[in-house]
> 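First, the structure itself, so that you have it in front of you.
Side chains included, hydrogens not; waters and symmetry mates left out as well; all remaining heavy atoms used.
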Number of protein chains: 2
Amino acid sequence: MLVSRLSKLPGIGKKSALRIAYYLLRADASFAAALAEAVAGIRDKVKTCSDCGSYTEDDPCPVCADPGRDRRTLCVVEQPQDIDPLESTGEYRGMYHVLGGVISPLDGVGPRDLSIVRLVDRIKTLCVKEIILATNPTVEGDATALYLVKLLENRDIKISRLALGLPVGGDLEYADRLTLARSLRGRTPMTGG
Amino acid sequence: MLVSRLSKLPGIGKKSALRIAYYLLRADASFAAALAEAVAGIRDKVKTCSDCGSYTEDDPCPVCADPGRDRRTLCVVEQPQDIDPLESTGEYRGMYHVLGGVISPLDGVGPRDLSIVRLVDRIKTLCVKEIILATNPTVEGDATALYLVKLLENRDIKISRLALGLPVGGDLEYADRLTLARSLRGRTPMTGG
């Protein structure tokens, strides 16, 4: 019962699930109780930030509540879990907006299923000057980015997209053809001339 | 004997070497003879292009000999094997220059050990207008690129470097911190504003 449910979690197969079950049997009884409570409570405790749409225990979320963040810059992501990696770069000091997905006609997801009306609202109220489209570099992520560019152009806003290219520390020999092509096209100037 | 030598080849372990040996025993006798001849001949047949420094059977190599290539654009790579992936993008129509390595003080490789005098010569004779530094995005590759920028700036040449960023089809969630930081810094404008 526990094993079959555990093994439905991402990254946990049947073997790991069994290992966890045995661990719970061996560990202090209070540990299993505390874990059970935490799992039961997650849906009550974690809310959606009414500003950016990210997951948070407090509403608004720490980023939206932080007065030190640059409110004129908005980074648009697909899912709440995309915010963490961007924050961990330490490079970004603006706000976020979670779309809640990407435009994907095959899956029946259109612009109306995403948090786009709310995005346009926030752009107005925050007087946003720059938007960074950080949807994933996939077909759907690209299509969504293009849709947003069409929707938002002709406002006095700088719109950009995360750069595509070689990974840091990578090797040309192992780069895929498409990435290398984008890396060439988007080459970074090192001097004028 | 054969197995121990085969297993020294890159990407071939002991098991693959054994499999190859058994294959050669089973296959037509002429196959092993032809393979042996090809292996024996490679060092005689394959030369270094006296223009770009790439491997080639004819000197100059097909790229240097192609009158349709843009002689004003030069892509600088570390090794001959870096040219193939760039060619396979179909995006690049200029010439190449193989440095033959990267500056790496720890390995005792300095600028003099690389084909840099020849590079400066070729820049002059070809009247190069744009240089794309396609050394790998590693510490040594970056250092070599910076060295070349310092050496070549103040000539009327546009110098750029392959873009760093997310791989095409990739996912923010799985991107490493450094790559994501470069992807943010190098974001591509999608509109003015």
Side-chain angles (χ1 to χ4, degrees), chain A residues 75 77-79 81-82 84-86 88-92 129-139 145-146 149 152-193, chain B residues 75 77-79 81-82 84-86 88-92 129-139 145-146 149 152-193:
Chain A
C75 179
V77 297
E78 293 180 13
Q79 302 289 357
Q81 58 263 40
D82 295 333
D84 251 4
L86 287 163
S88 74
T89 64
E91 288 272 325
Y92 184 66
K129 288 288 164 221
E130 176 169 10
I131 292 179
I132 299 171
L133 298 171
T135 51
N136 284 325
T138 54
V139 177
L146 277 176
V149 168
L152 300 172
E153 64 190 355
N154 305 326
R155 295 164 194 240
D156 192 20
I157 304 176
K158 212 155 80 184
I159 307 181
S160 63
R161 183 122 171 72
L162 289 187
L164 293 171
L166 296 171
V168 173
D171 194 312
L172 245 76
E173 247 193 290
Y174 303 117
D176 66 282
R177 204 165 43 80
L178 283 174
T179 300
L180 205 46
R182 298 296 290 255
S183 192
L184 261 172
R185 240 180 287 158
R187 57 188 179 268
T188 347
M190 296 191 75
T191 62
Chain B
C75 181
V77 297
E78 293 181 12
Q79 303 288 358
Q81 58 263 41
D82 296 332
D84 250 4
L86 287 163
S88 74
T89 65
E91 286 272 325
Y92 183 66
K129 288 288 165 222
E130 177 170 9
I131 293 179
I132 300 172
L133 297 171
T135 51
N136 285 323
T138 55
V139 176
L146 278 177
V149 168
L152 301 172
E153 65 190 356
N154 305 325
R155 295 164 194 242
D156 194 22
I157 303 176
K158 214 156 78 184
I159 306 182
S160 62
R161 182 119 173 70
L162 288 186
L164 292 170
L166 296 170
V168 173
D171 192 312
L172 246 73
E173 247 193 289
Y174 302 116
D176 67 282
R177 202 165 44 79
L178 283 175
T179 300
L180 205 45
R182 298 296 290 257
S183 190
L184 260 171
R185 241 180 287 159
R187 56 190 180 266
T188 346
M190 296 190 75
T191 63

> When you measure from the side chain of B:Ser183 to the backbone of A:Ala163, do you find a donor-acceptor pair of N or O atoms at a distance under 3.5 Å?
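Answer holds: yes.
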> Of the listed residues (B:Glu173, B:Gln79, B:Lys129), which shares the most heavy-atom pairs with chain A below a 4.5 Å separation?
B:Glu173
> Could you tell me whether the side chain of A:Ser160 reaches within less than 4.5 Å of the side chain of B:Thr188, counting heavy atoms only?
no
> Looking at A:Arg185, I'd like to know if its CZ atom is crowded, meaning that more than 12 non-hydrogen atoms belonging to other residues, nucleotides or ligands lie closer than 6.0 Å.
yes
> Heavy-atom cut-off 4.5 Å, strictly under: side chain, backbone, both or neither for B:Glu130 against chain A?
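Only the side chain of B:Glu130 comes within 4.5 Å of chain A.
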> How long is the gap from CG on A:Leu166 to CZ on B:Arg182, to the nearest 0.5 Å?
11.0 Å
> Give, for atom CG of B:Leu162 and atom OG1 of A:Thr179, the distance between the pair rounded to the nearest 0.5 Å.
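Separation between the atoms: 11.5 Å.
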> For A:Ala181 versus B:Thr89, what's the shortest heavy-atom pair and its separation?
N-CG2, 3.6 Å
> Of the listed residues (A:Ala134, A:Gly90, A:Ala175, A:Ser88), which shares the most heavy-atom pairs with chain B below a 4.5 Å separation?
A:Ser88
> Would you name the heavy atoms of B:Pro167 and A:Pro137 that are closest together and state the gap between them?
O-CG, 3.3 Å
> Do A:Glu91 and B:Arg187 sit within salt-bridge range, that is, some charged N less than 4.0 Å from a carboxylate O?
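Salt bridge: no.
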> If you count heavy-atom pairs under 4.5 Å with chain A, which of B:Gly186, B:Cys75, B:Gly170 comes out on top?
B:Gly170
> Between A:Leu133 and chain B, with a heavy-atom cut-off of 4.5 Å, which part of the residue counts as in contact: side chain, backbone, both or neither?
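Contact with chain B is through the side chain of A:Leu133 alone.
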> For the CG atom of A:Leu184 and the CD1 atom of B:Ile132, what is their distance to the nearest 0.5 Å?
5.5 Å
> Are any side-chain N or O atoms of A:Asn136 and backbone N or O atoms of B:Leu172, one a donor and one an acceptor, separated by less than 3.5 Å?
yes
> Considering only heavy atoms and a distance below 4.5 Å, find which of A:Val77, A:Asp176, A:Asp82 pairs most often with chain B.
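Counting heavy-atom pairs under 4.5 Å, the top option is A:Asp82.
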> For A:Thr138 and B:Val168, what are the C-alpha separation, side-chain angles and deciding distance, and is it a side chain to side chain contact (heavy atoms under 4.5 Å, CB included)?
CA-CA 7 Å; A:Thr138 54; B:Val168 173; over 6 Å; no
